[in-house]
Amino acid sequence: MSTRKASDSKWKYSTNRDMRILVLGAGKMGSFFLDLLSFDHEMAVYEKDPKRLRFTYNTQRFTQLEEIKEFKPELVINAVTVKYTIPAFDEVIPMLPDDCIISDIASVKTGLKEYYEQCGRRYVSTHPMFGPTFANLQQLSEENAIIISEGDYMGRIFFKDLYSRIGLNIYEYTFDEHDRTVAYSLSIPFVSTFVFAAVMKHQDAPGTTFKRHMRIAKGVLTEDDYLLQEILFNPYTSDQVAQIRTELKELLQIIDTKDADGMKEYLKKIRSNVKRDIGL
């Protein structure tokens, strides 16, 4: 897979000028983008639940489609839940100027490439590889973001500038490369968490490791059911889960036979994997 970190030479232009930007959805990520952009751009948010609009700052608040038409956005950031990403586009696109760039931040890109190709709009697709469940949104220097290389050039520049400003590590992937990455980086920890949650029993005096795993499980299980489903139904997920099954079979064999040498070699292997991944 030929992915690479986006370099400064690739992105030599800037889009710091004031723009009219519409965010779809005032959930946690939608509100994050509104807060991030509201001091530099003319912002508006379209949200059908008025209660979610109570704490938006320096932003026009829309609940009717006609308001979008009057606003004439230059960029739309679709931040609704992944189940409604495409339906939200279908709803608002008739209200947009012809040259408006549409964008998504979905962690699952299923069907989006085909949608963008048939809709005839300028588009950009990105994936901030963090979320409000675990990430510290005030300190993102250790977090990553993916910008899909197949989108509009100026749209990609906008998000590169934005993500650079908040300290994210930026990578450029195709849609297919993104889906392969998500299958690895999300499905493995999600499935491991599911297994932990499925076999766990209540502990009156849990240890530190158990409590940490429990916090992760509770966080993952607060995610939207459709999002979890789509991540696991990613066409590349099955192979990743099959690797877990293979490793569990090997580990169970070592445990059943009380193979001390085998356990030593197994621990050596997985410690090497962890050190390589974190760059030690």
Side-chain angles (χ1 to χ4, degrees), residues 11 13-107 109 111-128 131-132 137 145 147-148 150-166 168 224:
W11 309 92
Y13 300 105
S14 177
T15 54
N16 289 328
R17 69 177 182 85
D18 180 37
M19 296 176 64
R20 291 187 306 279
I21 301 175
L22 173 70
V23 173
L24 304 182
K28 291 180 179 178
M29 288 304 289
S31 297
F32 169 72
F33 276 91
L34 288 169
D35 289 343
L36 191 60
L37 294 165
S38 62
F39 288 97
D40 301 310
H41 301 278
E42 186 179 351
M43 300 299 298
V45 57
Y46 176 60
E47 170 60 64
K48 294 182 178 180
D49 182 358
K51 293 181 180 179
R52 285 189 165 189
L53 297 174
R54 289 178 296 178
F55 304 111
T56 52
Y57 177 78
N58 201 26
T59 297
Q60 297 184 55
R61 293 172 283 188
F62 299 157
T63 57
Q64 303 296 323
L65 288 172
E66 284 301 318
E67 296 173 292
I68 296 175
K69 191 172 185 178
E70 294 173 6
F71 181 63
K72 298 180 180 178
E74 298 169 83
L75 171 68
V76 171
I77 301 176
N78 190 337
V80 303
T81 57
V82 66
K83 183 177 182 179
Y84 299 107
T85 301
I86 291 178
F89 276 143
D90 285 338
E91 184 178 21
V92 303
I93 280 178
M95 302 293 112
L96 303 179
D98 291 341
D99 60 350
C100 178
I101 300 174
I102 60 174
S103 72
D104 76 273
I105 58 168
S107 53
K109 303 297 185 185
L112 279 170
K113 179 180 180 181
E114 294 77 14
Y115 181 84
Y116 285 134
E117 289 174 348
Q118 63 85 26
C119 79
R121 286 270 177 175
R122 297 170 66 194
Y123 74 88
V124 58
S125 184
T126 76
H127 180 188
L137 298 182
I147 297 176
I148 302 299
E150 292 147 288
D152 179 83
Y153 181 65
M154 295 307 296
R156 287 184 285 131
I157 290 174
F158 175 88
F159 279 97
K160 192 273 177 177
D161 286 345
L162 176 64
Y163 292 156
S164 294
R165 181 155 58 86
I166 59 176
L168 293 175
D224 178 75

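Atom set for the values below is all heavy atoms of this structure, side chains included, hydrogens, waters and symmetry mates excluded.
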Asker: Just verifying a value: how many Å separate L112 CG and C119 SG, rounded to the nearest 0.5 Å?
Answerer: 10.0 Å
Asker: I want to check something: taking the side chain as every heavy atom from C-beta on, are L53 and T63 in contact at a cut-off of under 4.5 Å?
Answerer: yes
Asker: Is there a side-chain contact between S103 and F159, using heavy atoms and a 4.5 Å cut-off?
Answerer: yes
Asker: Heavy atoms only: give me the nearest N58-M43 pair and the separation to one decimal.
Answerer: O-CB, 4.3 Å
Asker: Compare every heavy atom of G30 with every heavy atom of A79, then report the nearest pair and how far apart it is.
Answerer: CB-CA, 3.7 Å
Asker: Can you list the steps and then say if I166 with F32 is a side-chain contact (heavy atoms from CB on, under 4.5 Å)?
Answerer: CA-CA 12 Å; I166 59 176; F32 169 72; 4.1 Å; yes
Asker: Which heavy-atom pair separates A26 from V45 by the least distance, and what is that distance?
Answerer: CB-CG2, 4.0 Å
Asker: State, yes or no, whether a side-chain contact exists between I77 and L37 at a heavy-atom distance under 4.5 Å.
Answerer: yes
Asker: How about V76 and Y46: do any of their side-chain heavy atoms sit closer than 4.5 Å?
Answerer: no
Asker: In Å, rounded to the nearest 0.5 Å, how long is the span from CD1 of I21 to CZ of F33?
Answerer: 10.0 Å
Asker: Hey, does E70 have a side-chain heavy atom less than 4.5 Å from the side chain of Q60?
Answerer: no
Asker: Roughly how far, to the nearest 0.5 Å, is the NZ atom of K160 from the CE atom of M154?
Answerer: 13.0 Å
Asker: Please name the pair of heavy atoms, one in P73 and one in L96, separated by the smallest distance, quoted to 0.1 Å.
Answerer: CG-CD2, 3.6 Å
Asker: How far does CG of D40 sit from CE of M19, to the nearest 0.5 angstrom?
Answerer: 12.0 Å
Asker: With rounding to the nearest 0.5 angstrom, report the CG to OH distance, L34 to Y57.
Answerer: 13.0 Å
Asker: Could you state the interatomic distance from OG1 (T59) to CD (E47), rounded to the nearest 0.5 Å?
Answerer: 13.0 Å
Asker: For R20 and F71, indicate whether the former's side chain and the latter's backbone hold a donor-acceptor pair under 3.5 Å.
Answerer: yes
Asker: Would you indicate whether the side-chain heavy atoms of I148 and Y116 approach each other to under 4.5 Å?
Answerer: no
Asker: To check you understand the geometry: which heavy-atom pair defines the closest contact between D152 and R122, and what is its length?
Answerer: OD1-NE, 3.0 Å
Asker: Quick one: do K109 and E150 make a salt bridge, cutoff under 4.0 Å?
Answerer: no
Asker: Say whether, by atom type as modelled, one donor and one acceptor occur between the side chain of S31 and the main chain of M29 under 3.5 angstrom.
Answerer: no
Asker: Of L22, V23, L24, which is the lone residue that meets side-chain contact (heavy atoms from CB on, under 4.5 Å) with F62?
Answerer: L22
Asker: Would you say the side-chain atoms of D90 and Y115 include a donor-acceptor pair closer than 3.5 Å?
Answerer: yes
Asker: Does the side chain of F158 come within less than 4.5 Å of V124's, by heavy atoms?
Answerer: no
Asker: Are the side chains of C100 and R121 in touch, meaning some heavy atoms are under 4.5 Å apart?
Answerer: yes
Asker: Are there more than 12 heavy atoms of other residues, nucleotides or ligands under 6.0 Å from atom CD of E117?
Answerer: yes
Asker: Can any side-chain N or O of N78 pair as donor or acceptor with the backbone N or O of T85 at less than 3.5 Å?
Answerer: yes
Asker: Using every non-hydrogen atom in the two residues, find where R165 and L36 come nearest and quote the distance to one decimal.
Answerer: NH2-O, 3.9 Å
